[in-house]
Trainee: 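One structure is given below, represented as structure tokens, and several questions about it will come after.
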Amino acid sequence: MQFTETISVKIPGLTKSYAFLHLSDAHVAYAAPGASDAAKELAAKQTKAWMHGDIPPVNVFENVLAEAKDAGIDAILMAGDCIDYYSADNAAYMREHLPVCGTEVLYAAGNHEYGSYTAEAVDRAEASAALAPVMSGTPDFWVRDFGEFLVIGVDDSTQHVRPEQVEKMKEQIARGLPILLLMHIPLRTPAIEPSVMKKWGTTFMIGTDEDPDSTKEFCELVKSAENVAAVFAGHIHYEHTGEFAPGRMQYVSAPAFTGFLRKVVVETL
């Protein structure tokens with residue numbers, strides 16, 4: 001597998017090293033052969049919208065999955081928007097294809113997982129249930145315990161974090177194990193805000209002055225908890241690496257449909 005970059009996250013006291021693939025924003029748009037003409041037209045339209053070069057996003061994504069098994073990684077960290085919009089076909093595609101790669105997939109929801117380009121609003125409960133099998137059973141908040149550290153996935157796809165998620169995060173931080181945090185929308189920080197504002201004209205992140213108290217509390221909790229070793233995100237459609245707290249880094253992935261793949265090596269000091 002050809003990685004765009006390789007980064008190292010240092011965690012003191014690890015007994016071995018671990019390797020992960022970090023990707024986001026694959027924007028797969030799929031319609032099954034038996035789908036309606038409208039569904040096929042929508043998938044074709046959105047595939048064209050995210051085409052990079054002459055390779056459709058679904059083909060880029062399937063190539064990554066095909067190579068992941070032999071890439072020497074412990075898991076894939078998928079930071080959301082890996083489907084372009086919610087549909088039963090897109091959810092079924094992920095349920096069918098992710099297990100085939102033969103590598104554990106840790107998947108955090110993005111705004112597109114619950115979004116729609118049609119006039120019909122997405123039933124969030126239906127979408128969550130359809131995606132739960134590929135999001136560790138609980139898209140809202142999940143924990144993968146590697147024994148020496150945790151990977152935690154938080155659904156911040158509404159650009160907010162709810163009080164229940166904050167309480168769950170507090171419980172995991174209190175365990176004292178190092179944490180790798182996976183979510184879609186990045187933390188607002190001085191390191192990232194200028195470039196996001198230049199590209200999007202809005203903060204486009206969590207941790208703004210306008211956010212509800214629970215979101216602000218979550219952001220401050222992550223920044224202040226010294227055992228949160230690194231944050232992995234997507235959403236802004238370009239690569240960024242910068243501190244979210246002194247000495248601790250936030251890694252944002254450029255879109256996977258452009259071929260951006262980050263290898264994350266977690267190792268002792």
Side-chain angles (χ1 to χ4, degrees), residues 21 23-68 76-103 105-140 142 153 155-160 182-185 200 204 233-238 253-261:
L21 165 60
L23 65 85
S24 73
D25 298 273
H27 286 280
V28 168
Y30 173 76
S36 67
D37 289 343
K40 290 178 179 177
E41 289 171 5
L42 177 59
K45 176 185 175 183
Q46 292 311 120
T47 292
K48 185 177 180 180
W50 300 113
M51 189 88 75
H52 185 72
D54 59 354
I55 306 176
V58 66
N59 292 67
V60 177
F61 189 67
E62 288 182 4
N63 289 340
V64 171
L65 295 181
E67 295 178 12
I76 302 174
L77 307 179
M78 295 198 348
D81 283 8
C82 291
I83 57 174
D84 189 49
Y85 53 89
Y86 176 74
S87 69
D89 279 354
N90 277 334
Y93 174 92
M94 286 295 174
R95 294 196 305 269
E96 177 183 348
H97 281 77
L98 292 184
V100 173
C101 75
T103 300
V105 177
L106 300 173
Y107 187 171
N111 51 298
H112 279 257
E113 269 77 18
Y114 295 107
S116 170
Y117 288 100
T118 70
E120 296 181 8
V122 171
D123 183 319
R124 193 172 179 90
E126 174 190 328
S128 181
L131 291 167
V134 292
M135 293 184 179
S136 303
T138 54
D140 184 63
W142 52 256
D155 179 356
D156 66 345
S157 61
T158 62
Q159 209 162 319
H160 299 309
L182 180 67
M183 55 192 188
H184 181 60
I185 300 176
W200 296 104
F204 214 48
H235 188 56
I236 60 174
H237 280 214
Y238 64 90
S253 177
F257 66 78
T258 68
F260 185 91
L261 301 173

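Note that the structure is a prediction, hence the values are computed from the model and not measured. In what follows, every heavy atom counts, from backbone to side chain, and hydrogens, waters and symmetry copies are set aside.
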Trainee: Can you tell if the side chain of L23 reaches within under 4.5 Å of the side chain of L77, non-hydrogen atoms only?
Mentor: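 No, too far: nothing below the 4.5 Å cut-off.
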Trainee: Would a distance-only check, ignoring hydrogens and angles, find a side-chain to backbone donor-acceptor pair under 3.5 Å from R95 to A130?
Mentor: yes
Trainee: Between CD of Q159 and CD1 of I185, what distance do you get to the nearest 0.5 Å?
Mentor: 4.5 Å
Trainee: Residues two or more places apart in sequence or in another chain: which of them pass ring-ring contact (aromatic ring centres under 6.0 Å, His included) with W142?
Mentor: none
Trainee: Taking side-chain hydrogen bond (donor to acceptor under 3.5 Å, both in side chains) as the definition, give me every residue that meets it alongside D140, ordered by chain and number, with sequence neighbours left out.
Mentor: R162, Q165
Trainee: What's the spacing between S157 OG and Y114 OH if we round to 0.5 Å?
Mentor: 6.0 Å
Trainee: Please enumerate all residues that pass side chain to side chain contact (heavy atoms under 4.5 Å, CB included) together with T47, with sequence neighbours excluded.
Mentor: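 Checked T47 against side chain to side chain contact (heavy atoms under 4.5 Å, CB included); matches are A29, M51, P56, P57.
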Trainee: For residues 121-135, which residue pairs qualify under salt bridge (Lys or Arg N to Asp or Glu O under 4.0 Å), counting only residues two or more places apart or in two chains?
Mentor: R124-D155
Trainee: Could you walk me through whether H184 and D156 pass the side chain to side chain donor-acceptor pair (under 3.5 Å) check?
Mentor: CA-CA 7 Å; H184 181 60; D156 66 345; over 6 Å; no
Trainee: Sequence neighbours left out, what passes side chain to side chain contact (heavy atoms under 4.5 Å, CB included) with A108? Give chain and number order.
Mentor: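 Side chain to side chain contact (heavy atoms under 4.5 Å, CB included) check on A108 returns L182.
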Trainee: Taking atom CG of L261 and atom CG of L21, what is their separation to the nearest 0.5 Å?
Mentor: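 It is 5.5 Å, given to the nearest 0.5 Å.
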Trainee: Begin with the C-alpha distance, continue with both residues' side-chain angles, and end with the deciding distance and a verdict on side-chain contact (heavy atoms from CB on, under 4.5 Å) for L98 and L65.
Mentor: CA-CA 7 Å; L98 292 184; L65 295 181; 4.0 Å; yes
Trainee: Using the test side-chain hydrogen bond (donor to acceptor under 3.5 Å, both in side chains), find all partners of Y93 that sit at least two apart in sequence or belong to another chain.
Mentor: E62
Trainee: Can you list everything that forms a side chain to side chain contact (heavy atoms under 4.5 Å, CB included) with A254? Sequence neighbours excluded, please.
Mentor: E239, F260
Trainee: Distance check, rounded to the nearest 0.5 Å: S253 atom OG versus D25 atom CG?
Mentor: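 If I round to the nearest 0.5 Å, the distance is 7.0 Å.
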Trainee: Could you tell me whether the side chain of D84 and the main chain of V28 form a donor-acceptor pair under 3.5 Å?
Mentor: no
Trainee: What distance separates Y117 OH from S87 OG, expressed to the nearest 0.5 Å?
Mentor: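 Going from the OH atom of Y117 to the OG atom of S87 covers 12.5 Å.
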Trainee: Considering all heavy atoms of both residues, which atom of I76 and which atom of A68 are nearest to each other, and what is their separation?
Mentor: CD1-CB, 3.9 Å
Trainee: Please identify each residue that fulfils side-chain hydrogen bond (donor to acceptor under 3.5 Å, both in side chains) with Y30, with sequence neighbours left out.
Mentor: none
Trainee: Hey, is the main chain of H27 close enough, under 3.5 Å, to the side chain of D81 for a donor-acceptor pair?
Mentor: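 No, the answer is negative, given that no donor and acceptor are paired below the 3.5 Å cut-off.
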Trainee: Under the side chain to side chain contact (heavy atoms under 4.5 Å, CB included) test, which residues partner K40, sequence neighbours left out?
Mentor: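 Result, side chain to side chain contact (heavy atoms under 4.5 Å, CB included) vs K40: A31, A35.
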Trainee: So, N59 side chain and I55 main chain: donor-acceptor pair closer than 3.5 Å or not?
Mentor: no
Trainee: Given side chains that start at C-beta, do those of E113 and C82 come closer than 4.5 Å, heavy atoms only?
Mentor: yes
Trainee: Could you state the interatomic distance from CH2 (W50) to NZ (K45), rounded to the nearest 0.5 Å?
Mentor: 12.0 Å
Trainee: Can you list everything that forms a ring-ring contact (aromatic ring centres under 6.0 Å, His included) with F204? Sequence neighbours excluded, please.
Mentor: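 Applying ring-ring contact (aromatic ring centres under 6.0 Å, His included) to F204 gives W200, H235.
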Trainee: Would you say the side-chain atoms of N90 pair up with the backbone N or O of I83, donor to acceptor, closer than 3.5 Å?
Mentor: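 Flag not set: sc N90 to bb I83 has no pair under 3.5 Å.
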